[in-house]
Amino acid sequence: MTPLLQVDKVSRSYNETPVVAGISFALKEGEILCLLGPSGSGKTTLLRLLAGLEQADSGRFLFDGRDLATIPPHKRHFGMMFQEYALFPHKNVAENIRFGLERMKWSADRQQQRVQKMLSLVGLEEMGERRIDELSGGERQRVALARSLAPQPRLLLLDEPLGSLDRVLRDRLAGEIRSILKSQQVTAVFVTHDQAEAFAVADTIAILRQGRLEQIDSPETIYRRPKTAAVAAFLGFRNLIDCSRHHPADFFYPLPPGLKRYSGRLLIRPEGARISGQSTSGIDWPQLTGKITKKQFQGQIYGLEIAVHDMQLHFALPIDPAPPEIGETINLDINPQALVELEEEK
Ligand code: ADP
């Protein structure tokens with residue numbers, strides 16, 4: 001299937017500093033892509049280029065096979081949703097949702113039906129007459145989503161839409177946004193710096209760093225096999241062994257065959273460890289021995305910090321059997337799948 005959107009080597013600089021640097025990727029119809037990266041990595045600029053609010057210095061966007069440079073922004077039929085709701089405070093909920101439909105000169109009947117459908121889609125059936133300033137932050141974001149979806153955009157662009165909400169609401173709405181977009185088969189590009197949000201919303205995650213695309217993969221692959229140390233660090237992984245400084249054999253017995261000559265950086269995912277002798281599948285798993293320096297019961301797991309050589313390694317262990325106490329030595333079996341050889345930084 002040909003992609004709906006093709007981004008082809010797009011670059012943009014400000015004052016000779018590249019902010020978006022040669023980015024290429026493709027998006028299928030109905031796919032939700034999250035642009036994920038730290039603040040300043042170029043996410044918003046890329047979104048604005050896509051919307052036509054900025055011009056690229058080079059490269060192009062093909063949408064449905066057409067070069068977007070030939071289509072003015074208002075004719076692209078893209079929807080947008082931003083962090084600041086940009087709702088009309090003096091209009092009520094239904095009027096806000098209706099706004100784009102009036103501009104497109106839909107008939108009054110069709111407008112009415114669509115507004116009702118959008119209200120029920122975002123769970124605000126009874127709130128059509130409410131004023132915007134009588135709504136909570138979460139309700140406003142639902143109205144903003146309903147308003148951006150009402151005209152059936154061919155692509156929805158969302159820029160940190162949940163950025164102003166507290167953590168709990170943010171997590172709940174992220175999941176809801178995904179179900180709503182999926183139920184309507186909306187194709188979307190969603191900008192966030194929050195990895196939990198990206199995991200909750202995305203079919204595909206594109207990790208940006210300093211204007212470059214570091215990795216684009218499914219959420220599972222991004223988590224299981226981050227490509228570079230930068231991606232791993234951004235995801236919050238802390239067990240990064242520099243094998244040019246430490247030979248892997250200093251850590252593991254027996255040494256997994258692939259690691260014999262490895263001299264790059266090695267990630268050990270924290271959930272890949274089991275207390276030795278407890279794992280069912282661990283016959284061939286490499287073992288690691290260290291002294292427990294921290295042990296924290298976190299409900300679903302024990303968070304363990306272990307000193308091995310001059311490094312502190314962190315693991316998330318199942319709560320049964322409970323690990324030994326701080327100061328004691330522990331032997332861990334490490335799932336080879338949780339050992340990830342990282343690529344050199346570009
Ligand atoms: P993100 O959305 O990932 O936080 P942005 O795309 O907003 O990143 O910004 C990337 C970089 O580009 C930042 O360093 C920002 O200061 C710079 N930048 C963005 N817009 C402009 C502009 N209009 N003029 C100059 N610099 C800009």
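Read the numbers this way: they start at 1 and go in the same order the structure lists the ligands and their atoms.
- Evaluation of the side-chain hydrogen bond (donor to acceptor under 3.5 Å, both in side chains) test over residues 260-270, restricted to residues two or more places apart or in two chains, returns Arg269-Glu271.
- Every protein residue with a heavy atom nearer than 4.0 Å to ligand 1 is included here: Tyr14, Val19, Pro38, Ser39, Gly40, Ser41, Gly42, Lys43, Thr44, Thr45.
- Salt-bridge formation is not detected for the pair Asp217/Arg225: no Lys NZ or Arg NE/NH1/NH2 atom is positioned less than 4.0 Å from an Asp or Glu carboxylate oxygen.
- Between Asp8 and Arg60 there is a salt bridge, since a side-chain N of the basic residue sits under 4.0 Å from a carboxylate O of the acidic one.
- Shown here are the ring-ring contact (aromatic ring centres under 6.0 Å, His included) partners of Tyr253, two or more places apart in sequence or in another chain: there are none.
- With respect to the salt-bridge test (charged N to carboxylate O, under 4.0 angstrom), the residues Arg167 and Asp194 qualify.
- A side-chain hydrogen bond (donor to acceptor under 3.5 Å, both in side chains) check over residues 288-302, counting only residues at least two apart or in different chains, returns the pairs Thr289-Asn331, Thr293-Glu305, Thr293-Gln312, Lys295-Glu325, Gln296-Gln298.
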